[in-house]
Amino acid sequence: MATETLGGRLVVQNICVNYGAFRALDGVSIEVAPGSITGVIGPNGSGKTTLINAITGIQAASGTIRLDGQVLGRRSVPRRAELGLARTFQAIRLFQSMSILDNIMLGAHRLMRAGLFESVLRTPRSRREIARRRARAEVLMSVFGPRLLPRMHQLAVNLSYANRRRVEICRAFMAEPLLLLLDEPMAGMNPFETQELSEQLPELQKLVPTSILLVEHKMDVINALCSHVYVLDHGVCIIEGDPRTVQSDPAVVEAYLGVE
Amino acid sequence: MIIAGWVVMIVGAVVVLLLPQVSSPYVLFVATEVLLYVPLAIGQNLITGNTGVLSMGHAALYGVGAYTTGVLVSHIAIGVPLTLLASAGAAALVGLGVSLTTQRIRGDYLFIVTIGLNFIFLDVVNNSTWSGAATGLFAIAPPAGGLLAVTTPARFFYLSLGVAALCVLISLAILRSRFGRAMEAVRDDPLVAATMGLKEVPIKAGIFGVAGAMAGLSGCVLAYFLGSVGPQDFNSNISLLIFEMVIIGGLGSVSGSVLGAIVLIAVPEFLRSVQEYSLGIGGVLIVVMMVLRPEGVLGSWRTAR
Amino acid sequence: MITFVQQVINGAAAGSVYALLAVGYNMVYGLLGFINFAHGDLYMFSTFIVLAMVTLHVPFWGAVAVGMVAACFLGMSVERIAYRPLRTANRIAPTVSAVGVALVLENAAQVIWGPATRPFPTPLPQGLFRVDGVVITAMQIVILLTAAAIAVALRVGVYHTSWGRKLRAIRDDLPTAELVGISVNRLVSSVYAVGAALGLISGVLFAAYYNSVYVTMGLTGTLNAFTAAVLGGIGSIGGSFAGGLALGLLQSLGAGYISSGYQNTITFVVLIVVLLLRPNGMFGKLTAARA
């Protein structure tokens with residue numbers, strides 16, 4: 001698919017976020033290598049979601065964020081999406097009034113070339129484009145076997161929790177991002193579904209080459225998927241490295257045990 | 001089901017097309033009036049129903065269209081097609097401008113601000129000489145023999161039918177395209193929409209432009225239909241009436257908007273005894289609908305903004 | 001200079017009328033984060049009731065008392081019927097419902113009293129004084145004194161009574177207020193009653209000042225009061241007075257120095273500019289926007 005040189009290198013340097021007097025992120029620096037799945041773990045309230053919000057531009061932050069060398073700076077949320085960022089949300093946020101297919105197709109909005117007039121008049125070019133994207137959406141859905149494909153015309157509001165999560169993930173991959181930020185994609189899933197999803201994510205990544213920043217709670221998921229992981233605690237990155245080394249670090253054990 | 005739908009539509013179309021041949025002049029007049037409101041209700045529905053912007057200034061856009069035609073016709077020899085285009089363009093520009101200047105104003109505040117649009121419009125036309133001030137402009141007639149130079153009631157009916165049908169088709173086509181989904185995405189969850197690269201500002205401005213153009217077309221036809229334009233035709237009550245049509249028809253539904261226009265124009269006309277109470281009855285309907293089924297009427301407006 | 005002083009006095013009088021109407025807005029907004037779009041129509045309707053009583057030869061103060069009771073009753077019923085069921089619905093639903101209420105009131109007034117502007121006979125003093133060429137009417141003095149008295153009374157009511165304490169508790173945190181046993185429904189009801197009563201006072205002063213009552217004063221009242229509320233900081237009771245005076249002055253200076261035909265345009269341009277620059281009002285602090 002992607003014959004161009006693999007992009008999607010994220011470099012975050014020294015970013016800080018304050019909520020009033022509370023410092024949610026305090027000088028965090030991370031790096032996501034092109035094509036990798038890089039993990040971020042940490043106890044509740046350690047700043048993981050804030051990090052994703054800062055990278056996607058939802059939360060103002062100081063410090064520098066670069067995507068393939070380009071400084072994101074003060075770019076707006078939609079501008080960053082156009083540059084190649086996509087994300088999912090910890091509390092799933094689908095468009096409830098739309099079908100599964102519509103939700104997923106919206107993910108491709110940034111890639112569509114037919115403008116308002118062409119789309120409204122349904123010119124051959126716009127039809128071809130839609131057909132191509134729709135075929136792509138079906139390929140992505142098929143990764144989840146029979147979970148989504150037969151239901152693609154159902155309203156999102158009627159789906160089970162796990163299926164809504166799957167739709168959201170498809171929607172994010174549909175944008176063919178350079179960097180995909182997944183905010184606890186396994187949250188609320190049972191062990192079987194979690195296991196399934198950790199096998200499906202690399203499959204999706206094979207279809208849509210992208211770097212992934214994976215925020216997760218479940219250690220075994222991180223072990224299975226990530227080559228590199230950062231541990232946040234109280235807004236500070238306390239350690240980084242390969243998952244197994246990091247897990248046995250006393251500071252990490254304490255951070256987790258101290259909270260739970 | 002689908003076949004039945006087509007049959008109903010074809011029968012309906014035949015009845016509507018034959019209306020001038022079979023109906024009394026009065027019925028034809030009312031039908032034309034309804035048709036003039038269809039583009040207005042449809043535009044309001046795009047703005048409020050599908051994009052989720054609370055706006056109550058539609059009469060001003062309507063007025064911009066009517067006055068554009070009025071002023072053009074009284075100064076230069078110009079045919080109907082050009083005035084249609086000019087009115088649509090002028091009202092679209094005003095719509096765009098309104099949307100762009102008020103982008104940062106929050107939902108319910110915007111509601112009040114757009115009511116102000118009616119008042120600003122009236123201040124301007126009441127205090128200017130080009131608009132004929134409080135008396136308005138008269139003797140607006142198309143040049144004899146030109147294209148679309150309609151003069152008889154039946155032809156006015158067909159012209160407004162054409163404009164209304166065009167607006168219905170455009171509206172349906174927009175809603176069926178990916179931009180329809182984009183509007184709804186911005187309405188339902190602007191933050192998520194933004195993370196997918198959907199830009200709220202141009203989407204809303206574009207919709208105001210389209211709705212403005214529709215209102216402008218209606219305004220142009222109205223100017224010829226009445227032969228005059230005056231400030232009294234575009235006050236805030238007209239905006240309220242258009243808003244009511246969309247709420248009663250069901251936010252987001254094109255056919256509902258058409259139905260709303262029929263109910264609020266034709267029913268009071270034919271039931272003279274209730275005409276006096278029509279605004280109030282509409283008000284009662286709005287309250288009842290909101291209280292009984294706020295989510296049903298408002299569809300998926302779940303995000304509190 | 002004389003013109004300027006004259007316009008300031010005229011503006012302060014008109015502004016005080018707006019302020020009293022804006023209080024009703026701001027109390028509701030501060031409490032529930034909701035714009036009571038029908039507030040102006042309620043004020044119009046209850047002022048018409050006073051006029052109707054006066055026409056029936058009810059003594060003026062008796063008519064005002066009847067109007068006040070009617071206003072409170074209307075305010076509470078509207079809240080009960082059209083707003084309370086929607087308190088937990090999304091923000092849009094009560095706003096739209098309020099439009100419905102406004103339409104009903106406007107239509108009812110139109111049917112009962114007709115579209116014409118009606119004079120408003122009052123026993124309030126109508127004399128005028130001249131000081132160095134500046135004309136001050138007795139009505140202006142009555143208006144300013146009434147507004148000042150009500151401002152003081154409200155301050156006492158909100159900060160020195162148990163009603164005011166409960167009010168502030170609800171404003172700060174409605175669910176907790178409910179938990180500690182404050183009857184939120186009753187208090188909200190009382191706020192609508194107080195707002196409507198102040199609206200009536202505002203309406204009577206308006207009618208006496210301009211010697212006219214008319215149906216569309218409802219909508220323009222809504223708009224002026226809302227603008228005053230935004231200017232003063234939406235949700236803030238004290239801000240209503242600052243905002244009302246500021247709006248009155250802007251309008252009368254605009255009429256005096258720019259053009260009297262553009263009064264509404266001036267109002268709305270001010271409103272838009274303020275909303276763009278300071279979304280929470282000129283003097284407003286951040287009110288916790290409740291969804």
Taking side chain as everything from C-beta outward and backbone as N, CA, C, O, which of these in [X] sits under 4.5 Å from a heavy atom of chain B? Side chain, backbone, both or neither.
{"X": "Leu219(C)", "answer": "side chain"}
{"X": "Ala82(C)", "answer": "both"}
{"X": "Gln110(C)", "answer": "neither"}
{"X": "Phe226(C)", "answer": "side chain"}
{"X": "Tyr83(C)", "answer": "neither"}

Euclidean distance, Leu276(C) CG relative to Gln103(B) CD, rounded to 0.5 Å: 10.5 Å
So, taking the atom named CG in Leu187(C) and the one named CD1 in Ile170(C), what distance separates them when rounded to the nearest 0.5 Å? 4.5 Å
Considering only heavy atoms and a distance below 4.5 Å, find which of [options] pairs most often with chain B.
{"options": "Pro85(C), Gly100(C), Pro94(C)", "result": "Gly100(C)"}
{"options": "Thr216(C), Val101(C), Leu223(C)", "result": "Leu223(C)"}
{"options": "Leu271(C), Ile81(C), Val111(C), Thr95(C)", "result": "Val111(C)"}
{"options": "Thr227(C), Asn107(C), Val99(C)", "result": "Asn107(C)"}

Heavy-atom pairs under 4.5 Å with chain C are the metric here; pick the option from [options] that has the most.
{"options": "Ile105(B), Ile112(B), Val113(B), Val287(B)", "value": "Ile112(B)"}
{"options": "Val284(B), Thr102(B), Ile115(B)", "value": "Ile115(B)"}
{"options": "Asn126(B), Asn127(B), Leu110(B), Asn235(B)", "value": "Asn127(B)"}

Is it the side chain or the backbone of [X] that comes within 4.5 Å of chain C heavy atoms, both, or neither?
{"X": "Ile120(B)", "answer": "both"}
{"X": "Ser236(B)", "answer": "side chain"}
{"X": "Val288(B)", "answer": "neither"}

Could you please spell out the steps behind the side chain to side chain contact (heavy atoms under 4.5 Å, CB included) verdict for Ile35(C) and Tyr109(B)? CA-CA 8 Å; Ile35(C) 298 176; Tyr109(B) 292 9; 3.9 Å; yes
Contact check, side chains of [X] and [Y], non-hydrogen atoms, under 4.5 Å:
{"X": "Asp233(B)", "Y": "Ile238(B)", "value": "no"}
{"X": "Glu244(B)", "Y": "Leu285(B)", "value": "no"}
{"X": "Pro115(C)", "Y": "Val215(C)", "value": "no"}
{"X": "Ile272(C)", "Y": "Thr101(B)", "value": "no"}
{"X": "Phe208(B)", "Y": "Thr51(B)", "value": "no"}

Lys/Arg N to Asp/Glu carboxylate O, Glu200(B) vs Arg187(B), below 4.0 Å: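 Salt bridge flag = no for Arg187(B) with Glu200(B).
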For the residue pair Phe111(B) and Phe243(B), does the interplanar ring angle fall in the parallel (under 30°), tilted (30 to 60°) or perpendicular (over 60°) class? tilted
